[in-house]
Amino acid sequence: MKTIKKNIYTSLALCMSLAFFLSCSEIDNQEIPIAKTAYEYFVEISGIPRCTGNEKAASNYLAEFGRVRGFEVFQDEMFNVLMRKNGSKGREHEPPIILQAHIDMVCKKDNNVIHDFEKDPIIPVVNDDWITAEKRTTLGADNGGGLSMIMAVLASHHISHPPIEALFTTQEETGLHGADFFDVSLLNGQRLINLDMIGEEAFVVSSKWDDGPDLVIPILARFALPDWPYKADSPLRDTMAEVFRSFYGKEPVLAGINNRVAGVECLVFANKMPNADMISIGVDIMDIHTPYERMSLSSLNRVYDYLVQVLEVL
Ligand SMILES: [Zn+2]
């Protein structure tokens, strides 16, 4: 924050000295908050407790993140947050893309660890390429990785992108309740990238894929949700696969929620927005939902770079 303040004061001084010669509007623009990396946002969001059902503070933090950037921000009773960022210059009138991740995390710790999930921050540490929590607790990479990539995109001043609708949902881990509650009529977009997948080599493109285990069935039964059928015609998937080939030099693996158990909120959105073109991607995370949960930093950076390239050509 210090850097931002200093910039504002420098701008004001410059503005006053040039007041007779220049409009200050250009200089005022420098007050826009600085952009950070996905990892820096991950560290920030990890500092705010956000176990399922306790998302209010993190939700408020995200809403404020949007407001200070001048985005249109909605926050509902379940603390879901939607914010809109205009398309970059020349792309303002393109169809919007929805970027979606869930705010809440599974909170678990080893027996001997003293950690109050209601108020203690999770402090990420990096060893080699692995980000873990400082103490033996869950890290919140699920879905903090997704949250932080979306935040970095929203904060950036340099990415070429269509209008963005960033949707941050709550209570995913105990039953997709935030997504279920959210009023999708607030969304203008019909293309959705969910960032709650585990593993960067694959796209989740439907509820069921191949002969994988039927893990989705209990989920479907529990939430009484219909299928997310595979769409033969998916321009979003085609574009993302094309960028994937040039970025990674290989084909993306296609998968279903049944063999990944990730991107599960897509079931809710498939139900509420049957015409939406959707996909779920994510970062390499190991031992998810356990005190040994860890996320690859290079994977986070790579998936972010990949996402940026996707946004450029969507
Ligand atoms: Zn998740």
Side-chain angles (χ1 to χ4, degrees), residues 38 41-42 45-46 48-55 58-59 62 78-82 98-109 117 122 124 131-133 137-151 166-182 192-207 209 212-213 215-216 218-220 222-223 225 228 255-271 278-296 299-300 303-304 307:
Y41 286 121
F42 180 75
I45 196 89
S46 300
I48 308 167
R50 48 179 231 284
C51 306
T52 307
N54 185 32
E55 297 99 336
S59 172
L62 288 164
M78 279 201 67
F79 302 113
N80 293 304
V81 177
L82 167 67
I98 303 161
L99 301 179
Q100 188 261 321
H102 64 84
I103 299 173
D104 62 312
M105 61 174 274
V106 169
C107 292
K108 284 197 189 134
K109 62 183 179 74
F117 278 111
I122 287 170
I131 310 165
T132 57
T137 67
T138 39
L139 174 64
D142 169 20
N143 194 199
L147 292 177
S148 62
M149 287 189 285
I150 298 175
M151 291 174 73
L167 176 57
F168 305 108
T169 51
T170 55
Q171 298 189 30
E172 190 267 356
E173 300 287 0
T174 52
L176 318 174
H177 299 300
D180 209 16
F181 181 83
F182 180 72
L192 185 151
I193 302 175
N194 167 287
L195 289 148
D196 189 27
M197 235 289 279
I198 316 296
E200 69 175 288
E201 84 296 349
F203 294 170
V204 162
V205 294
S206 61
S207 46
W209 189 262
L215 295 171
V216 77
I219 296 166
L220 286 173
R222 199 166 141 211
F223 307 118
L225 291 168
W228 170 22
I257 294 176
N258 64 314
N259 46 29
R260 293 280 167 168
V261 200
V264 186
E265 285 166 305
C266 290
L267 290 171
V268 177
F269 297 114
N271 181 23
M278 289 194 304
I279 196 162
S280 178
I281 61 165
V283 175
D284 288 347
I285 304 171
M286 303 290 282
D287 293 326
I288 192 165
H289 297 179
T290 78
Y292 299 87
E293 184 181 340
R294 57 201 184 277
M295 172 166 68
S296 160
S299 177
L300 178 71
V303 176
Y304 174 76
L307 179 65

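In each ligand, atom 1 is the first atom listed, and ligand 1 is the first ligand listed. Every heavy atom of this structure was used, including side-chain atoms; hydrogens, water molecules and symmetry mates were not. Computed from a prediction, not measured in an experiment: that's the story for all the values here.
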Q. Is there an N/O/S atom in D142 at a distance below 2.8 Å from the Zn ion (ligand 1)?
A. yes

Q. Do any of the N/O/S atoms of E173, backbone or side chain, fall under 2.8 Å from the Zn ion (ligand 1)?
A. no

Q | E293 side-chain N/O to I285 backbone N/O, donor-acceptor pair under 3.5 Å | A | no

Q: Rounded to the nearest 10 degrees, what's the angle OD2 of D196 makes with NE2 of H102 at the Zn ion (ligand 1)? Could you check?
A: 90°

**Q.** CD1 on I98 to CG on N194, rounded to 0.5 Å
**A.** 11.0 Å

Q: Check whether the side chains of E200 and S299 place a donor and an acceptor atom closer than 3.5 Å, and report yes or no.
A: yes

Q: Let me see the working for N80 and E55 under side-chain contact (heavy atoms from CB on, under 4.5 Å), right down to the final yes or no.
A: CA-CA 9 Å; N80 293 304; E55 297 99 336; over 6 Å; no

